[in-house]
Number of protein chains: 2
Amino acid sequence: MKQTKSIATDKKLNAPLPVVSGLRLTKQRQEVYQTLLEKRDHPTAGEVFKRVRKKLPTISLATVYNCLEALVDHRLVRQVNFERKSSRFCPNLVEHGHFQDTSTGKVYDITIKDGVDLADFINLPEGVCVQEAEINLRGAVADS
Amino acid sequence: MKQTKSIATDKKLNAPLPVVSGLRLTKQRQEVYQTLLEKRDHPTAGEVFKRVRKKLPTISLATVYNCLEALVDHRLVRQVNFERKSSRFCPNLVEHGHFQDTSTGKVYDITIKDGVDLADFINLPEGVCVQEAEINLRGAVADS
DNA sequence: CTGTTATTTAGAATGATTAAAAATGAAGGC
DNA sequence: GCCTTCATTTTTAATCATTCTAAATAACAG
């Protein structure tokens with residue numbers, strides 16, 4: 001029984017920031033990452049700052065920006081931009097798009113149909129190699 | 001001979017800004033719109049400002065922003081955003097996406113295959129009505 | 001444990017965009 | 001065509017998110 005709660009599991013719960021070459025492990029980065037995992041509502045840097053401060057009251061906003069940048073650079077987090085508003089951050093690494101409800105501003109992940117490839121629906125010019133693809137939708141949600 | 005150069009033709013060449021309800025016709029708006037039509041390289045507001053000043057040397061940057069906003073609001077121009085960089089502007093009203101060459105920063109229109117619909121490749125949740133769709137790609141172009 | 005080097009911090013600086021207020025000009029009615 | 005009204009333009013200042021700077025701190029290697 002005790003065995004079922006393995007160290008590995010604990011690590012996964014409390015320190016899930018993967019060890020990646022070139023990314024030094026700091027408590028700020030771990031907490032920022034943990035915060036993104038805990039509530040996947042696509043928070044802005046300012047929102048992440050507010051949440052992380054509950055655990056690390058002395059963290060600075062610049063550090064939150066630094067951490068988010070490091071996580072994005074190392075492909076552990078995706079940065080989502082809608083219309084030059086504040087960037088939002090998303091720990092979902094599965095290829096997906098985003099939908100923003102124009103009345104609430106809330107952002108939701110949109111999954112892509114299985115087996116669909118970019119080249120299936122857009123005309124890519126010769127010789128281009130797509131490194132990042134962003135699909136951002138905005139619209140209304142029927143209130144139910 | 002004089003007749004062949006009709007008023008209608010002149011208007012089309014020099015004042016192609018469509019008359020749209022609620023959009024008052026000003027020389028600033030006409031020139032901004034004309035500038036976007038003349039060189040479809042997705043200029044930023046600052047770039048538009050530089051170009052328009054050649055025709056209207058007294059126009060202000062704020063006016064360029066105002067004009068672009070008016071054109072976008074009236075759906076005569078599309079605003080294209082890549083990664084919180086300066087917005088770019090595009091007079092192509094046909095549904096299309098954009099590709100940015102990461103080495104030059106240049107932005108190109110990407111056409112969507114005929115008859116393809118959003119719902120064909122993404123899973124849209126029940127009750128959502130998509131009002132705007134943005135497809136932004138970034139990558140490299142093989143030099144030839 | 002110690003040195004090296006990246007990271008964090010606080011604060012200032014930047015850059016794109018927007019706002020405010022006064023001056024100007026477009027469109028409709030006479 | 002002229003007047004009136006209200007939107008638009010202009011200049012300037014302000015805002016906002018984000019980035020930079022320099023000093024203090026903390027990871028990680030050895």
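Here is how names work: the chains are called A, B, and so on, in the same order as the sequence lines, proteins then strands, and each is numbered from 1.
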Measure the distance from [atom1] on [X] to [atom2] on [N] and round it to the nearest whole Å.
{"X": "A/Glu69", "N": "C/dT7", "atom1": "CD", "atom2": "C1'", "value": "12 Å"}
{"X": "A/Asn66", "N": "D/dA27", "atom1": "CG", "atom2": "C1'", "value": "16 Å"}
{"X": "A/Gln79", "N": "D/dT18", "atom1": "CD", "atom2": "P", "value": "8 Å"}
{"X": "A/Lys50", "N": "D/dA17", "atom1": "NZ", "atom2": "P", "value": "11 Å"}
{"X": "B/Arg29", "N": "C/dT24", "atom1": "CZ", "atom2": "C1'", "value": "14 Å"}
{"X": "B/Asn81", "N": "D/dA17", "atom1": "CG", "atom2": "P", "value": "16 Å"}
{"X": "A/Lys27", "N": "D/dA27", "atom1": "NZ", "atom2": "C1'", "value": "11 Å"}
{"X": "B/Asp73", "N": "C/dT18", "atom1": "CG", "atom2": "P", "value": "10 Å"}

Minimum-distance nucleotide (side-chain atoms of A/Ala62 versus D/dA17, C/dT9, C/dT8):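 In terms of side-chain proximity for A/Ala62, the closest of D/dA17, C/dT9, C/dT8 is C/dT9.
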
Closest to the B/Ile59 side chain, choosing from D/dC20, D/dC6, D/dT10: D/dT10

When you check the phosphate oxygens OP1 and OP2 of [N], does a side-chain N or O of [X] lie under 4.0 Å from one of them?
{"X": "B/Gln28", "N": "D/dT10", "value": "yes"}
{"X": "A/Tyr65", "N": "D/dT19", "value": "no"}
{"X": "B/Arg84", "N": "D/dT18", "value": "yes"}
{"X": "A/Ser60", "N": "C/dT8", "value": "no"}
{"X": "B/Thr26", "N": "C/dG25", "value": "no"}
{"X": "A/Ser87", "N": "D/dT18", "value": "yes"}
{"X": "A/Arg24", "N": "C/dT5", "value": "no"}

Beyond-backbone contact of B/Leu56 with B/Gln28, side-chain heavy atoms, under 4.5 angstrom: yes

Gap between atom CG of B/Asn123 and atom CD1 of A/Ile112 - 0.5 Å precision: 9.0 Å

Sugar-phosphate only, base, or nothing, as touched by A/Thr63 at under 4.0 Å among non-hydrogen atoms: base

Aromatic ring pairing A/His42/A/His98, orientation class (parallel under 30°, perpendicular over 60°, tilted between):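 Rings of A/His42 and A/His98: perpendicular, over 60°.
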
Between B/Gln100 and B/Arg138, a side-chain donor and acceptor under 3.5 Å: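 Yes, B/Arg138 and B/Gln100 have a side-chain donor paired with an acceptor closer than 3.5 Å.
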
A/Arg29 to A/Tyr33, cation-pi by 6.0 Å centre distance and 45° axis angle: no

